[in-house]
Protein chains: 2
Amino acid sequence: MAPRGPLSTGTARTACRRARPTEALVSGTRSDEGSTATVNGRQNSRPTLEQVAARAGVGRGTVSRVINGSPRVSEQTRAAVARAVAELGYVPNQAARALAGSRTDAVALVIPEAEARLFAEPYFLDLIRGVSAELAEADKQLLLTLVRSEQERQRFEQYLAAQRVDGVLLASVHGDDPLPDRIRELGIPVVMNGRRSEAEPVPYVDSDNIGAGRAAVAHLVGRGRQRIATVTGPLDMYVARARLGGYRAGLAEAGHAPDEGLVAAGDFTEDGGRAAMRSLLERRPGLDAVFAASDVMAAGARAALREAGRRVPEDVALVGVDDSPVARLMDPPLTSVRQPIEEMGRTMARMLLGDAGVTPEDTPKRVLPTELVVRGSC
Amino acid sequence: MAPRGPLSTGTARTACRRARPTEALVSGTRSDEGSTATVNGRQNSRPTLEQVAARAGVGRGTVSRVINGSPRVSEQTRAAVARAVAELGYVPNQAARALAGSRTDAVALVIPEAEARLFAEPYFLDLIRGVSAELAEADKQLLLTLVRSEQERQRFEQYLAAQRVDGVLLASVHGDDPLPDRIRELGIPVVMNGRRSEAEPVPYVDSDNIGAGRAAVAHLVGRGRQRIATVTGPLDMYVARARLGGYRAGLAEAGHAPDEGLVAAGDFTEDGGRAAMRSLLERRPGLDAVFAASDVMAAGARAALREAGRRVPEDVALVGVDDSPVARLMDPPLTSVRQPIEEMGRTMARMLLGDAGVTPEDTPKRVLPTELVVRGSC
DNA sequence: CAACGACGTGGGAGCGCTCCCATCAGGGGG
DNA sequence: CCCCCTGATGGGAGCGCTCCCACGTCGTTG
């Protein structure tokens, strides 16, 4: 199958193309004689490298070198070119650069649509913010790709093949997702947000989810809680397993005996949190604290607690993860483990851009610390 | 001044470029002899139009026509080309297309960073979702640009000049923003989300903010509320003025006398909402309902009401705007006016792509309806 | 039955860059 | 005093595509 879009764009094209300025004036005449540049009223019809070269009295190669910051240009020449560039308002044509240099100065950020709904909403916005900031500094473009179906996912692979991006950032990858490996096979640098398993072969940036669980439990233990339950995320995601692992580690370190009855699986949704909480209350009515693996689930849990007549924090203490706006707005405000989301985004971008040698042998990983934000819920 | 990026990228470049597959094998040999294509192990080194043409036994032009869905190709030839495309796994090189066709198949979505923080957080994600969905259908790429400073804004204008995008979507534009006009001057199609004033000269998609205010007030009046106050957004934004206008219209229609003491200015933040609410309570202690121009401000107002000992909804009824997750999580859940955010995004994209003739003369506008979502807060 | 559109088709001419080789000055060593 | 090396520079050769003109081939007309 050929890609769908291109095949169907055809006919209407001509009508849509931005008309060249010259066409309007010289209509009928082919506009490719000598000096299209200096001719009549400036504006529009962007100057080319060649024109800059002519104006500066140098060759194309030299202008290119200046534009690209090559050191092998005399200071004097550089200045002359810079002036010409300024005078003409020259901006290099990106398409031409990409074609000639096989490099696009663009990076794709891929977000599975389904996740975007589940996750504490601001998560991706924060991530985007971090990525965007770092890319902007490096003068790279951010191509955002929301993937909402298998079909779109395949189309995305087409884009990769079409060499539209220099690298890919992958958010929220599930344990069985082959995409990261596929991208690497295409020879395109990748960095993921989070990982698929403990031993992730693809470069990634993650937050210390184990530490998050541990910190939450330690805090609850410190407040004298004895029967600490947890609402987990979907256990096919490493992030959920890690937080659960942290919870268990925290309990062990505090000398609490493990009790699987205190563990209920959620799915990162409010409803999931509510359901899990109900089941926990049924199984272990005596629980006095809950670590929810996300703020949204904590909100659901909170609702379930309220409907069961339990007070927060008097009867049951509650801790979430994400430190999202929801946490602040809850009543009482929710204690939560903050992840440095924006910083993760920045780090991902930096890894992608900077660590040039991102090859299969050395897999850069980075795990950023989390931080407990204490509020009224415990 | 020459653009910063290009001028400073120089030296490091070579190291970062993706190595061509051949280099690894034939290292030392120039890799540009005749048939790079059919040579050794397939994979990588994407096939070109020319190779597809050869394989299908037709000319380049014909393949191009097939790829672009031109009707002037015989069914038989089309099939032959399609087969060759499939066999070779051909994907057109985007850079080449852009260069030759001066058309990029990419659209920029510009979001002022400052706003991204203020607005009910999910707003932009929803917007992005809509835009993304529609663009994906048209096989266009979404270039997300968060603009966080004057400098970045200028850099963005450079990108426009570099012809990186076929069109621009602008979110959350303030009343005095010259950017939309600037972009039009560059001859690039633009569609804004929201408008800068009642008579907006640039194409836009907005939601019915006046209707939103009116609906909220009508609902409160219907519930028997007599002294209905409002917390507005920043009045330099049309959206805030429109909602205020709707509030006034609603009161007038219900035969209530206007009372400026019942109007307090917020700024779309929680703190702003809280402060405004406090001032309202001070000025008009007898108020029995509040229309907050955003859910986040409603949350702030709710806090202020609680600290003043007023119950919601018994003493004071509360209505917000956005129908964000916050609304659902509040206690009691907040009645709110929903805007079709995702639909706005879709509409914007459609306008940009479809309405080819977006010229100064005909300014397409679209105002989408809002909808009151009744919950416990009134 | 010749002339003439219409339809398919091939392929030249760029699009505006980057690469890289050839070239040209100078300057120091043999 | 000549040669070779280094640093700067010019410009040819593409990158892979779209446009568009020119060229058959038929099926129709007068």
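What you see is a predicted model, and the numbers here were worked out from it, not measured in a lab. Chain letters run A, B, ... following the sequence lines, proteins first and then strands; every chain starts at 1.
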Earlier contact from the 5' end, DNA chain C, for Gly57(B) and Ala96(B): Gly57(B)
Would you kindly compare Ala95(B) and Gly61(B) by the position of their nearest DNA chain D nucleotide and give the one closer to the 5′ end? Ala95(B)
Atom CZ of Arg164(B) and atom P of dG16(C): how far apart are they, to the nearest Å? 17 Å
Can you give me the closest heavy-atom contact between Arg184(A) and Pro201(A), atom names plus distance? NH1-O, 3.4 Å
Spacing of Leu99(A) atom CG relative to dC15(D) atom C1', expressed in whole Å: 4 Å
Distance, rounded to the nearest Å, where Arg60(B) contributes CZ and dG8(C) contributes C1': 16 Å
Separation of atom CG in Asp105(B) from atom C1' in dC17(D), rounded to whole Å: 13 Å
Classify the side chain of Arg65(B) versus the base of dG10(C) as yes if they form a donor-acceptor pair under 3.5 Å and no if they do not. yes
Tell me: CD of Glu50(A) to P of dG12(D), nearest whole Å? 10 Å
Provide the closest heavy-atom pair for Arg78(B) versus Val73(B) in the form atom of the first, atom of the second, distance. NH2-O, 3.6 Å
Is the closest side-chain donor-acceptor distance between Arg164(B) and Asn93(A) under 3.5 Å? no
Quick note, Arg103(B) side chain, CB onward, closest among dT9(C), dT18(D), dC17(C) is dT18(D)
Which of the following nucleotides, dG8(C), dG7(D), dG16(D), is nearest to the side chain of Arg72(A)? dG7(D)
So, is Ser102(A) close to the dC15(D) phosphate, meaning a side-chain N or O under 4.0 Å from OP1 or OP2? no
CD (Gln76(B)) with more than 12 external heavy atoms under 6.0 Å: no
I need the CD-P distance between Gln76(B) and dG8(C), as an integer number of Å. 12 Å
dC17(C), OP1 or OP2 - any side-chain N/O from Ser64(A) closer than 4.0 Å? no
Can you see which heavy atom on Met192(A) is nearest to which on Met348(A), and at what distance? C-CE, 3.7 Å
Is any side-chain nitrogen or oxygen of Asn68(A) closer than 4.0 Å to OP1 or OP2 of dT18(C)? yes
Please tell me if Ser74(B) has a side-chain N or O lying less than 4.0 Å from either OP1 or OP2 of dT9(C). yes
For the pair made of CG in Leu49(A) and P in dG11(D), what is the distance, rounded to whole Å? 14 Å
Distance test, side-chain N/O of Thr77(B) to OP1/OP2 of dT9(C), below 4.0 Å: yes
Rounded to whole angstrom units, what separation is found between the CD atom of Gln94(B) and the P atom of dC15(D)? 18 Å
Of the nucleotides dT9(C), dG10(D), dG14(D), which has the atom closest to the Val58(A) side chain? dG10(D)
